[in-house]
A.B. asks: 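Take this structure first; my questions come after.
Since we're looking at a predicted model, the values are computed, not measured. Residues take their numbers from the sequence shown, with the count starting at 1.
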Amino acid sequence: TYEWFDLNNNKIGDGDRIYVQPSTTTSYYQKVVDKKRGCINYDTMEVLVGTLPVISIASDQTICDGQTVALGGSAQTGHTYSWTSNPAGFTSNVNNPLVAPSSTTTYTVVQTIDSTGCSATNDVTLSVNPSPNAELVGDTSICNGDSETFSVTANSGNTYNWSYGNGTATAGGGTTDNSITIEFNN
């Protein structure tokens with residue numbers, strides 16, 4: 001017969017194998033009894049419990065097309081990193097890769113402690129908003145002192161940031177205006 005005990009002599013199971021899941025490193029011993037011969041033998045076993053790595057990862061977020069995001073955090077000595085993406089196409093073995101996805105992408109990292117082989121997995125989803133299409137309409141060949149109106153197609157929710165050189169805005173040009181009239185003067 002086979003009996004299993006912790007080191008406080010508490011019986012924890014019977015059989016030639018048992019399943020244990022300690023949260024810290026724990027020792028056990030096995031008592032084997034050969035009933036035919038009347039012999040008893042003991043053996044001990046230590047179950048080493050390694051810690052899982054603590055993953056530093058960016059939070060899920062919404063970004064604009066072309067924006068760059070750092071996915072991870074500081075490197076931890078003695079750890080390795082393996083990044084993949086969904087949709088597929090991105091892989092990296094650095095702790096804090098920079099990405100600029102053009103569509104919504106989920107990035108997954110597996111971080112492993114080299115000395116124990118213990119690993120943890122986490123992911124971050126970057127939802128990507130398309131960049132607004134800014135096609136400027138207006139005459140680009142004008143004379144000093146002339147005025148010209150420039151505009152872009154209005155889209156609900158867009159804001160505008162108008163920049164112009166040697167001129168004065170005479171109409172529009174606010175953050176909600178999709179057009180501006182400029183009087184040019186050198």
A.B. asks: Can you name the one residue among Asp123, Val109, Leu126 that meets side-chain contact (heavy atoms from CB on, under 4.5 Å) with Leu71?
C.D. replies: Leu126
A.B. asks: Give a yes or no on whether the backbone of Gln111 and the side-chain of Ser119 come within a donor-acceptor separation of less than 3.5 Å.
C.D. replies: no
A.B. asks: Using the side chain to side chain contact (heavy atoms under 4.5 Å, CB included) rule, take Ile113 and Thr51 through it: C-alpha gap first, then chi angles, then the decisive distance, then the call.
C.D. replies: CA-CA 9 Å; Ile113 300 173; Thr51 59; 4.1 Å; yes
A.B. asks: Show your reasoning for whether side chain to side chain contact (heavy atoms under 4.5 Å, CB included) applies to Val152 and Tyr160.
C.D. replies: CA-CA 9 Å; Val152 294; Tyr160 307 92; 3.4 Å; yes
A.B. asks: For Pro97 and Phe90, work out which heavy atoms get closest and say how close.
C.D. replies: CB-CZ, 3.8 Å
A.B. asks: Measure across Ser85 and Thr105 and return the closest heavy-atom pair with its distance rounded to 0.1 Å.
C.D. replies: CB-CG2, 3.8 Å
A.B. asks: Looking at Asp114, is its backbone amide N or carbonyl O close enough to the side chain of Thr112 to form a donor-acceptor pair, meaning the two atoms are under 3.5 Å apart?
C.D. replies: no
A.B. asks: How far does CD of Gln67 sit from OG of Ser102, to the nearest 0.5 angstrom?
C.D. replies: 13.5 Å
A.B. asks: Once you round to the nearest 0.5 Å, how far does CH2 of Trp83 lie from CD1 of Ile57?
C.D. replies: 4.0 Å
A.B. asks: For Asn178 and Ser151, indicate whether the former's side chain and the latter's backbone hold a donor-acceptor pair under 3.5 Å.
C.D. replies: no
A.B. asks: With Tyr28, which of Asp43, Leu7, Val47 fulfils side-chain contact (heavy atoms from CB on, under 4.5 Å)?
C.D. replies: Val47
A.B. asks: Which distance, rounded to the nearest 0.5 Å, do you find between the CG of Asp14 and the CD of Glu3?
C.D. replies: 5.5 Å
A.B. asks: Would you confirm whether Thr91, through its side chain, and Thr84, through its main-chain N or O, come within 3.5 Å as a donor-acceptor pair?
C.D. replies: no
A.B. asks: At their closest point, which heavy atom of Val20 faces which heavy atom of Ile18, and how far apart are they?
C.D. replies: CG1-CD1, 3.7 Å
A.B. asks: Do Ile40 and Phe5 sit in one hydrophobic cluster, given that two such residues count as connected whenever their side-chain heavy atoms are within less than 4.5 Å of each other, even indirectly?
C.D. replies: yes
A.B. asks: I'd like to know if the side chain of Ser131 reaches the main chain of Asp65, judged simply by a donor and an acceptor atom lying under 3.5 Å from each other, with no hydrogens or angles considered.
C.D. replies: yes
A.B. asks: Of all the heavy-atom pairs spanning Gly66 and Ala100, show the shortest one and how long it is.
C.D. replies: O-CB, 4.3 Å
A.B. asks: Can you confirm whether more than 12 heavy atoms, excluding those of Glu46, are under 6.0 Å from its CD atom?
C.D. replies: yes
A.B. asks: Closest approach of Gln61 and Ser59, non-hydrogen atoms and distance?
C.D. replies: NE2-O, 3.2 Å
A.B. asks: With under 30° as parallel and over 60° as perpendicular, where do the rings of Tyr42 and Tyr29 fit, or are they tilted in between?
C.D. replies: tilted
A.B. asks: Passes side chain to side chain contact (heavy atoms under 4.5 Å, CB included), Asn93 versus Tyr81? Steps please.
C.D. replies: CA-CA 5 Å; Asn93 292 319; Tyr81 304 84; 5.8 Å; no
A.B. asks: Hydrophobic cluster membership, with links at side-chain heavy-atom distances under 4.5 Å among I/L/V/M/F/W/Y: are Val49 and Leu52 in one?
C.D. replies: no
A.B. asks: Rounded to the nearest 0.5 Å, what's the gap from CG on Asp34 to CG on Asn41? Could you check?
C.D. replies: 10.5 Å
A.B. asks: Within the 4.5 Å heavy-atom criterion, are Pro101 and Ile63 side-chain neighbours or not?
C.D. replies: yes
A.B. asks: Answer yes or no: does atom NZ of Lys35 have more than 12 heavy-atom neighbours from other residues, nucleotides or ligands under 6.0 Å?
C.D. replies: no
A.B. asks: I'd like to know if the side chain of Asp6 reaches the main chain of Asn8, judged simply by a donor and an acceptor atom lying under 3.5 Å from each other, with no hydrogens or angles considered.
C.D. replies: yes
A.B. asks: To the closest 0.5 Å, what do you measure between CG (Asn96) and OG (Ser56)?
C.D. replies: 7.5 Å
A.B. asks: Atom CG of Asn122 and atom OH of Tyr107: how far apart are they, to the nearest 0.5 Å?
C.D. replies: 15.5 Å
A.B. asks: Whether the side chain of Asp177 engages the backbone of Ser179 through a donor-acceptor N/O pair (distance < 3.5 Å, no angle test) should be reported.
C.D. replies: no
A.B. asks: Using every non-hydrogen atom in the two residues, find where Thr104 and Val128 come nearest and quote the distance to one decimal.
C.D. replies: OG1-N, 3.2 Å
